[in-house]
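Everything on this sheet refers to the single structure shown next.
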Amino acid sequence: MVQEIQLNNYTLSINQYKETSVNGLKQIAIDFKVTSENYHDIAVLLYEENFDVQVPANNFRMKAAITQYYTSVTNLYREGEIGDYHVTLREVLGE
């Protein structure tokens, strides 16, 4: 079971992981929690848009871009809050 992935060498602990193929390209969907304490780091990371994705449990690596991204409506500027994030990443060829 996949419990963490790395996006551009940033390790994320994840709650859900689903790997599929779309038009011959790998796609990974992940769900994870973001706290008010790490919100800024995650926001900056996700704005990068293109990622070196590593899944240590599967010894899997790919270049990918975000195709879907949404969060709960939690106000992560308030101390102690936790938000739910969903991100879908699709393999990018030629990167």
> Which atoms form the tightest heavy-atom contact between Tyr39 and Val34, and what is the distance?
Replying inline: CA-CG1, 3.7 Å

>> Taking Tyr47 as the starting point, is it possible to reach Tyr77 by hopping between hydrophobic residues whose side chains are less than 4.5 Å apart?
In response: no

>> Measuring from atom NZ of Lys33 to atom CG of Asp84, what distance do you get when rounded to the nearest 0.5 angstrom?
In response: 3.5 Å

> If you take all heavy atoms of Ala65 and Asn50, which pair is closest and at what distance?
Replying inline: CB-OD1, 3.5 Å

>> Treating Asn8 as the side-chain partner and Asp52 as the backbone partner, does any N or O pair qualify as donor plus acceptor under 3.5 Å?
In response: yes

>> Tell me whether Leu89 shares a hydrophobic cluster with Val22, the cluster being built from Ile, Leu, Val, Met, Phe, Trp, Tyr side chains joined at under 4.5 Å.
In response: no

>> For a 4.5 angstrom cut-off between non-hydrogen side-chain atoms, does Phe51 reach Leu45?
In response: yes

> Between Glu37 and Gly80, which heavy-atom pair has the shortest distance, and what is it?
Replying inline: OE2-N, 3.8 Å

>> Using side-chain heavy atoms (C-beta onward) and a distance below 4.5 Å, is Gln27 in contact with Thr88?
In response: yes

>> Run the side-chain contact (heavy atoms from CB on, under 4.5 Å) test on Glu91 and Lys63 for me, step by step, so that the C-alpha distance in whole Å, both residues' side-chain angles and the decisive distance to 0.1 Å come before the verdict.
In response: CA-CA 6 Å; Glu91 183 177 21; Lys63 298 286 187 183; over 6 Å; no

> Salt bridge or not for Glu19 and Lys26, using N-O below 4.0 Å?
Replying inline: yes

> Under the side-chain contact (heavy atoms from CB on, under 4.5 Å) criterion, do Lys18 and Ile28 qualify, and how do the steps go?
Replying inline: CA-CA 6 Å; Lys18 182 178 180 183; Ile28 295 174; over 6 Å; no

> How about Asn23: does its CG atom have over 12 heavy atoms from other parts shown lying under 6.0 Å from it?
Replying inline: no

>> I need the Asp31 CG to Gln16 CD distance, nearest 0.5 Å.
In response: 5.5 Å

>> Would a single hydrophobic cluster contain both Phe32 and Tyr69, if residues Ile, Leu, Val, Met, Phe, Trp and Tyr are joined by side-chain heavy-atom contacts under 4.5 Å?
In response: yes

> Between Tyr70 and Tyr85, is the gap from one ring center to the other below 6.0 Å?
Replying inline: no

> Going hydrophobic residue to hydrophobic residue with side-chain gaps under 4.5 angstrom, can you get from Leu93 over to Ile66?
Replying inline: no

> Judged by atom type as modelled, is there a donor-acceptor pair below 3.5 Å linking the side chain of Asn38 to the main-chain atoms of Thr35?
Replying inline: yes

> Looking at Glu4 and Pro56, what are the two nearest heavy atoms and their distance?
Replying inline: O-CD, 3.8 Å

>> To the nearest 0.5 Å, what is the distance between CG on Leu12 and CD1 on Ile30?
In response: 5.5 Å

> What's the spacing between Leu76 CG and Ile42 CD1 if we round to 0.5 Å?
Replying inline: 10.5 Å

> Would you say the side-chain atoms of Asn58 pair up with the backbone N or O of Phe60, donor to acceptor, closer than 3.5 Å?
Replying inline: no

> How long is the gap from CG on Leu7 to OH on Tyr10, to the nearest 0.5 Å?
Replying inline: 10.0 Å

>> Show the nearest heavy-atom pair for residues Arg78 and Ser36, with the distance to one decimal.
In response: O-CB, 3.2 Å

> Taking all non-hydrogen atoms of both residues, which atom of Val53 and which atom of Ala64 are closest, and how far apart?
Replying inline: CG2-CB, 3.8 Å

>> Could you measure the distance from the OG atom of Ser21 to the CZ atom of Arg90? Nearest 0.5 Å is fine.
In response: 9.5 Å

